Protein chains: 2
Amino acid sequence: MSPLRLGLVGVGKIARDQHVPSIEATSGITLTAAASRSATIEGAANFASLIDMLEGARIDAVALCTPPQVRHALALQALRAGKHVLLEKPPGATLSEMDDLVAAARDAGVTLFATWHSRFAPAVEPARDYLKDKRVLRAVITWKEDVRRWHPGQDWIWEPGGLGVFDPGINALSIATRILPKPFFLTGGTLETPENRQAPIAARLSFTDADGLDLFADFDWRQEGPQTWDIEVELSGGHGLKLSGGGKTLHIDGEKRIDAPDAEYRGIYRHFVDLVASGRSDVDVSPLRHVADAFMLGRRETVAAFHDETAAH
Amino acid sequence: MSPLRLGLVGVGKIARDQHVPSIEATSGITLTAAASRSATIEGAANFASLIDMLEGARIDAVALCTPPQVRHALALQALRAGKHVLLEKPPGATLSEMDDLVAAARDAGVTLFATWHSRFAPAVEPARDYLKDKRVLRAVITWKEDVRRWHPGQDWIWEPGGLGVFDPGINALSIATRILPKPFFLTGGTLETPENRQAPIAARLSFTDADGLDLFADFDWRQEGPQTWDIEVELSGGHGLKLSGGGKTLHIDGEKRIDAPDAEYRGIYRHFVDLVASGRSDVDVSPLRHVADAFMLGRRETVAAFHDETAAH
């Protein structure tokens, strides 16, 4: 089979750092074209817009790396043109907009893949396999990082739809929804929002499931020094596992089982090629649904103003 | 077939005002038992809790009229006991908790019905029939009422999960999702929250759909005098319809077609009997999903404190 010819839309940092090298490293897919108002990718046919790219390039699939607020219209255009579509996370600015993307993919007989890159961290699938059919008593998610380090001067993350601390937090939720054997749901929580911002800088969330799971998530964007991206899971009989480093390391009952470098985006493109080859879609909105639930049910507290001094330099 | 024997959980105002008389007026269903910590229903076998009722009464179905924050655990108990379940609106405090209710109903082979009472207003189905297969250009939802009049002294509606002005607004959304021919989604909006409360007192929301619909919703809980529950829909060629009075009245192209009294809860129980008889469930979370989207994507503005003087009397 000839490789899938891909057109990439939105040539920003995530496209250059992750998508382009991962596509190059994946067999069965090739970067044919790119669309961006301002940037180009060497070696690809470059266009100013998706519409121009759909008219001017011979492509089978489109990867959307644009901000979520404009993703729906672009995805619909590509799907209606009969292209397979890959969406960066989160798949949209709302949950409701996903319905007609799923319908459009089905109508066109193409693949729609809503990606969650953290699910492709090396320890995630082994953790899922280990927990399958087990009864989880308790789990703690600790996701604490320094927003100034990872999003210097990025004001859009504080605007409505930017999600604030849920921008990294949704990565944790994408792992938790993948590895925990039962669906869980929020019972209450607190969202801390700086007095000069729209989006939360921290969140503490309590979840349970049909069997009474005790799941606590602690998201904080104010952590300087070492960064923490851990999920600890407690089973009966003193057994348990710990995922750390955002899913790069797995300990089971205190023993290290996996400690591997990041290759998340290569995993994404490998899975995309497989989905297209087998005529399937993969659209799981559950991480975004948990975020929406938290915005709806969480108690709001106003905290000290956040100023990003890095933006001034 | 012998009538469905129903146990009602949560004997509050909505149960007495709407559920009990509507069950009595509907053939094929009979009120057998009730569960409440503090209240009883004459003529029914009364229990202190759902568990006691499940043990002590011979019932086929359970109607849950308790607050949404505790609905999930009760629904799961009833479904696992093999009972058909009817949920007052909203079906839960989160979207995510609905998954295992749907699964439990399927596993037990029983009916789960997430009700939206406004959908049973007399003009809603005729409006849906009229709009089916039509291209809607524009729609405006105006849902303005006086919170002091409808929720005197009810503090829980201002707490997290109480939804604020979305408590009535979700009724409008339940009608709009039923009558508009295509799924729509939020593109932006503003939520006004009193400085001394957790939940919004007003919301202005913009939606669109895959064909570029222009839908605007204006929810306000500060309207004294005449109350407004209207949906106006504009089609091409100057055609259009107007639903008013919360779905009691329908005008098409300016001509009155329907003007009928409220019988929403009788419609709910008629539909529940039909669902059980045909072995189906009816769980549409789309109105609650729009609310969650609004909490996630809406811009927050703080407005004047809200004091309910009626509560002090």
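Reminder, nothing fancy here: chain letters follow the sequence lines and each chain counts from 1. What you see is a predicted model, and the numbers here were worked out from it, not measured in a lab.
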Practice item. Starting at CG of B/Asp99, measure out to NZ of A/Lys182 and round the result to the nearest 0.5 Å. Key: 12.5 Å
Study note, to complete from the structure: Closest heavy-atom pair, B/Arg299 versus A/Glu159, reported as atoms and distance to 0.1 Å, is NH2-OE1, 2.5 Å
Answer with side chain, backbone, both or neither: which region of [X] has an atom nearer than 4.5 Å to a non-hydrogen atom of chain B?
| X | result |
| --- | --- |
| A/Leu163 | side chain |
| A/Phe184 | backbone |
| A/Leu297 | both |

**Study point:** Heavy-atom pair count under 4.5 Å with chain B, highest-scoring of A/Met98, A/Glu97, A/Arg289
**Key:** A/Arg289
Using a cut-off of under 4.5 Å on heavy-atom pairs, state which of [options] scores highest against chain A.
| options | answer |
| --- | --- |
| B/Ala199, B/Gly298, B/Pro160 | B/Pro160 |
| B/Gly212, B/Ala292, B/Gly162, B/Gly188 | B/Ala292 |
| B/Ala210, B/Pro183, B/Gly161 | B/Ala210 |
| B/Ala73, B/Ala93, B/Ala294 | B/Ala93 |

Check your understanding: So, does A/Asp293 use its side chain to make a donor-acceptor pair with the main chain of B/Leu95 at under 3.5 Å?
Key -> yes
Point to revise | 4.5 Å side-chain heavy-atom contact, A/Arg300 and B/Arg300 | key: yes
Point to revise | Student check: side-chain heavy atoms of A/Met296 and B/Leu288 closer than 4.5 Å | key: yes
